[in-house]
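Note that this is a predicted model, so its numbers are computed, not measured.
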Amino acid sequence: MDELALQGLASLVLVADAEAQARAAQFVEQLKQSADGWKICAQGFTCGSYHQNDHVKFFCLQVCEYYARSGYLAANPENVATMKSFLLTCLEMESNVATQSKTFIRNKLAQLVSLVFITDFQHRWPLFFSDILSTLSRGPLAVDMYLRILMAIDAEVVDRDIAHTQEEAQRNSMIKDAMRERCVNALADSWYQIMTTYDTTQPDVVSLCLEVTGRYVSWMDIGYFANDRMVELLLKFLKVENLRESACDCVHEIISKGMEPVAKTSLIESFMTVLDSAGIFKTEDDDCEFLCKLSKLINGVGLGLIASWQKLSKNGMCKNSEATMRALESKIPYMLRYLGDEDDDVSGYVIEFATEYIALVKSLPSMSQIHKKHIEGLLFTIIKKMKYDSGYNFAKEGEEEAEFQEYRKQVRVIFNNIASLDTQMILIQVHELVSQTLPRWESLDFRDVEIAITLLYSLGEALPAAHGQHFSGNPEKASALQNMMRILITSQVSRKGHIAVLLQFFETIVRYDRFFVCESQHIPPVLMTFLDERGLRHPSAKVRSRVAYLFLRFVKSTKTHLTSYLEDVLKQMQDLLQVHSPDNGLIHSLSDSDQLFIYEAASTLIVSSSVEPQKKQALMKQLLLPIATKFNIMLSRLTEERDEKRQQEYAECIHNAIALASRASKGFSGQQTMKQCGCVTAFTELLSIFLAALEVTNQRASLHQGVRQYLHRMVVCLEEEIMPFLPEAMERLLKQPDARELYDFLPLVNQVIMKFKANITPFLTQVFMPLVVTIYQVLNTPVDLNDHCSAEEKKLLQRGYFLLLATIVCNCIDVLKAQDMQNLNQVLMSLIQGAVDLPDPQSQKCCFSTLKKLIELWGGKEALPGFPEFIYKEIVPACFMAPMKPTFDLDDGQTTLVLGESALCMQEILQQRGVEFLEFLKSDFFPSKGISAESGECYLVNLQTGIKPFRTWLKKFFMQAKS
């Protein structure tokens, strides 16, 4: 049967359809589960019948691998011998050109050999390496296979990136000990022989051998690698083009080996001396890959010396630590050379060395002259590297550009670290660069100009100040920054025109907005820059978009100084405030989202100005007039339009117009309210216009969303002035809503309740039950069982309903008290149902929390008539029924929170009803539920403890009850 499975597999693997692939997978599974399946696969792999069928060969090895992992440890001697014979046969086949497999199969075979090795090496196959080494005489294919096996063994036994259990870690340690005793000498000799035999004929084999050597360095004696013959060979390979990268990696692994600090320093120094003498670092080659390897090597050298110095310093070994520090200092020129390489990949490999070196210098009591010189060199190097190169595509930024921006962030971290080490040096160097570059911007390349502004901008991050107070405190820093900001503005560098320069200019202006509080005379030219072709009217959409956001930030931070420019700025902004529509045929300079920033900025200018309220009202009406005009036109066209695509365009325009008005309302604040500014009428008039959109059936969802958003803003900004509009707004919003609309509507009701509390009670009392009825009508509307979207919307609506009840109970409980008993009972029972029956922890938690609040308000000495009975009849049983439900998972974090709320309910009842409640539980409730006297007594004792211990005990109580 299993032989047939293998034949069936062979017939199916080349068929592409899903059914055949599923059957092939079934055959593989059948062979895995069969006791002799692996033997059939071993036979199939070596018999030659499937030599041309790579898929079958791979599946055969997969089945053998499954056996090696799951059953081979307990194999009998016969099966062990069969497996050994099979593997040696495979190695013989893989040594022959006629029978060798493709690379992915050779790798799979190597993995299988490594699995057998870790099981058998110590006891059942102690001559494993002797047998494998004996195959090397068969030629390069056998050598390649041997090296792949060593790589696989490394992955299973040594590789620290692979997670191992404690048992596996112990096993691996014992294997390495056994290898050290028996075979590492033979392994090291074999590597040397392979590299000297094939260095001119099989570069791929030698490269693989170098990789293997590097892998085994970490746990073998350093003497196998740091010896004359090996170093001589590595030096030779470092000058051979197709071997030098692998040789460089091998050297990196050798110098990165964990060692005692003195020995480590000695090893690094001897290698560096040899490499230097051989001229390895003097290569004029522009081979980026090799330079990356050399950069990585220098990074390893630097990190190794820093680690050695730290250990020596910690142990108080002054003489040795000084020698290590001298060794480290002599490596800084190498680090600077590779950090400054024009290729960012090469540079990136030594960033860690640079970062750690700065940290080391920072840890010293004082900075020596040589340290200062190196840190200065580091600063100059990173300034050069932060510049854009000539190939950067600003118009269409792609992957390469994204990589440079990521690299620039890394280099900026070094800049920040240098700043924290030597503030004075950074200030002097950046000030010098800014003062020499920006006044001469017309004659310089944009990249030189951009880097000067970027470094000025970076000072804000590198030299942080509390709440952006860069221009107070340290007078030296404040004076330098102020001077640089003056140069930035007065040099008119913003006329350079290049996107990169302009964007960095605006970013810097906004970062140092407090400068304009100190020197407000510079505000007019900066405002002009924002408003003209350098900013909001720039040809590039990218620039316009970013400037729109930055302009709002600038206005907000300098608003108290802008009154004198108010009308002039608003006049210049007029065309930018024009509401977009599908009919006006204009190409708009700003997108809808950009325009939101502009409207908020215009509103902030008006609100923050020192003009009279009447003037503010007039200016605000003027600002909002285009919105009202466009809204009415578009609403009329929407109602007449029959083409759905055109309807959508009109609806988007209306939604955008409402959004602009909503955004304009953000100009007000707690200190400058809509009422204080005399602008109430401007916004309430708009509200009465916008409510008309709720009568339109075309594109209803978009229109309702826009009006709801505006109502949210008006609830924030207005006081009692909004009250007359609420009945009409709510009535229209509640006309035949679906679950989603209703769910989106409820937060508005909650917001109104939380703001107006008792003042909203009369109105809310009237609309409460109709609202509840509407919610339940929508919840009870049948939906397709497969319609997961509708089910999710109903779940959200249910949550929204319970949150509404919670808001009413916490803010205006009289709304519930005013309902007739039947309606009140229905509402209370909906809370019980939500707490017990809904498999939704969020809703359950909300229900129990609301019930607790009701107990607190209505369950005490002055209880609402009938409510104590409701507590005993419904709430108490709910606290026991909910945790006993199959859907109530006591191991789930969210559900545990629900249990906590039910526990709070029970303790609140005890607080309000006292001994009466304890007597009810003991004499009535526990007996009726079959709870034993002993368990009941235990419950009562724990109920009277604090909430934390009661909650912990309660979880155990219900876990035991459910088990």
For the side chain of [X] and the backbone of [Y], is there at least one donor-acceptor N/O pair under 3.5 Å apart?
{"X": "Thr381", "Y": "Gly377", "result": "yes"}
{"X": "Ser295", "Y": "Val346", "result": "yes"}
{"X": "Ser313", "Y": "Gln310", "result": "no"}
{"X": "Ser458", "Y": "Thr454", "result": "yes"}
{"X": "Asn79", "Y": "Ala75", "result": "no"}
{"X": "Glu356", "Y": "Leu303", "result": "no"}
{"X": "Ser266", "Y": "Val262", "result": "no"}

Does any non-hydrogen side-chain atom of [Y] lie less than 4.5 Å from one of [X]?
{"X": "Phe404", "Y": "Tyr392", "answer": "yes"}
{"X": "Tyr192", "Y": "Tyr224", "answer": "no"}
{"X": "Phe121", "Y": "Pro126", "answer": "no"}
{"X": "Thr197", "Y": "Val143", "answer": "no"}
{"X": "Ile382", "Y": "Ile418", "answer": "yes"}
{"X": "His374", "Y": "Val361", "answer": "no"}

Please report the closest heavy-atom contact between [X] and [Y], naming both atoms and the distance.
{"X": "Lys385", "Y": "Tyr407", "value": "CE-OH, 3.0 Å"}
{"X": "Trp309", "Y": "Ser321", "value": "CD1-O, 3.2 Å"}
{"X": "Leu150", "Y": "Leu187", "value": "CD2-CD2, 4.2 Å"}
{"X": "Asp343", "Y": "Cys288", "value": "OD2-SG, 3.2 Å"}

Step-by-step side-chain hydrogen bond (donor to acceptor under 3.5 Å, both in side chains) determination, Thr324 to Thr265: CA-CA 6 Å; Thr324 301; Thr265 302; 3.2 Å; yes

Using the ring of each side chain (for Trp, its six-membered ring), is Phe59 parallel, tilted or perpendicular to His55, with breaks at 30° and 60°? tilted

Just say parallel, tilted or perpendicular for the rings of Phe58 and Phe104, cut-offs at 30° and 60°.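 Plane angle between 30° and 60°, so tilted.
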
Pair [X]-[Y], side-chain donor/acceptor within less than 3.5 Å:
{"X": "Ser101", "Y": "Glu94", "value": "yes"}
{"X": "Tyr146", "Y": "Ser190", "value": "yes"}
{"X": "Asn417", "Y": "Lys362", "value": "no"}
{"X": "Trp125", "Y": "Asp131", "value": "yes"}
{"X": "Tyr216", "Y": "Glu253", "value": "no"}
{"X": "Tyr67", "Y": "Gln62", "value": "no"}
{"X": "Ser347", "Y": "Tyr338", "value": "no"}
{"X": "Gln369", "Y": "Lys372", "value": "no"}
{"X": "Thr119", "Y": "Arg124", "value": "no"}

So, are [X] and [Y] salt-bridged, with charged N and O less than 4.0 Å apart?
{"X": "Asp189", "Y": "Arg229", "answer": "yes"}
{"X": "Arg244", "Y": "Asp287", "answer": "yes"}
{"X": "Arg408", "Y": "Asp344", "answer": "no"}
{"X": "Glu269", "Y": "Lys331", "answer": "yes"}
{"X": "Glu211", "Y": "Arg215", "answer": "yes"}

From [X] [atom1] over to [Y] [atom2], what is the distance, rounded to the nearest 0.5 angstrom?
{"X": "Leu147", "Y": "Trp191", "atom1": "CG", "atom2": "CH2", "result": "9.5 Å"}
{"X": "Leu294", "Y": "Arg337", "atom1": "CG", "atom2": "CZ", "result": "8.0 Å"}
{"X": "Gln122", "Y": "Asp177", "atom1": "CD", "atom2": "CG", "result": "9.0 Å"}
{"X": "Leu360", "Y": "Ile358", "atom1": "CG", "atom2": "CD1", "result": "11.0 Å"}

Apply salt bridge (charged side-chain N to carboxylate O under 4.0 Å, His left out) to the pair Arg69 and Glu156, showing each step before the final yes or no. CA-CA 12 Å; Arg69 288 188 187 278; Glu156 292 292 336; 3.7 Å; yes

Hey, mind stepping through Leu421 and Ile426 against side-chain contact (heavy atoms from CB on, under 4.5 Å) and telling me if it holds? CA-CA 9 Å; Leu421 174 66; Ile426 285 279; over 6 Å; no

Between Lys257 and Asp221, does a salt bridge (charged side-chain N to carboxylate O under 4.0 Å, His left out) hold up when you go through it step by step? CA-CA 10 Å; Lys257 179 177 172 62; Asp221 188 275; over 6 Å; no

[atom1] ([X]) with more than 12 external heavy atoms under 6.0 Å:
{"X": "Glu397", "atom1": "CD", "result": "yes"}
{"X": "Glu342", "atom1": "CD", "result": "no"}
{"X": "Asp228", "atom1": "CG", "result": "no"}

Kindly indicate whether a cation-pi arrangement holds for Arg182 with Phe128, taking the cut-offs as under 6.0 Å to the six-membered ring centre and within 45° of the axis. no

Cation over ring, Arg447 on Tyr388, under 6.0 Å and within 45°?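 Negative - Arg447 is either too far from the ring of Tyr388 or too far off its axis.
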
Steps toward side-chain contact (heavy atoms from CB on, under 4.5 Å) verdict (Thr82, Trp38): CA-CA 10 Å; Thr82 304; Trp38 72 275; 3.9 Å; yes

Criterion side-chain contact (heavy atoms from CB on, under 4.5 Å) on Thr196 and Gln193, from CA distance to verdict: CA-CA 5 Å; Thr196 52; Gln193 292 302 324; 4.3 Å; yes

Test side-chain hydrogen bond (donor to acceptor under 3.5 Å, both in side chains) applied to Glu329 and Tyr357, step by step: CA-CA 10 Å; Glu329 295 297 351; Tyr357 177 69; 2.9 Å; yes

One pair to check against side-chain contact (heavy atoms from CB on, under 4.5 Å): Ile118 and Ile153. What are the steps and the verdict? CA-CA 8 Å; Ile118 60 175; Ile153 289 171; 5.7 Å; no

ring-ring contact (aromatic ring centres under 6.0 Å, His included): pairs with one or both residues in residues 230-287, sequence neighbours excluded: Phe281-Tyr334

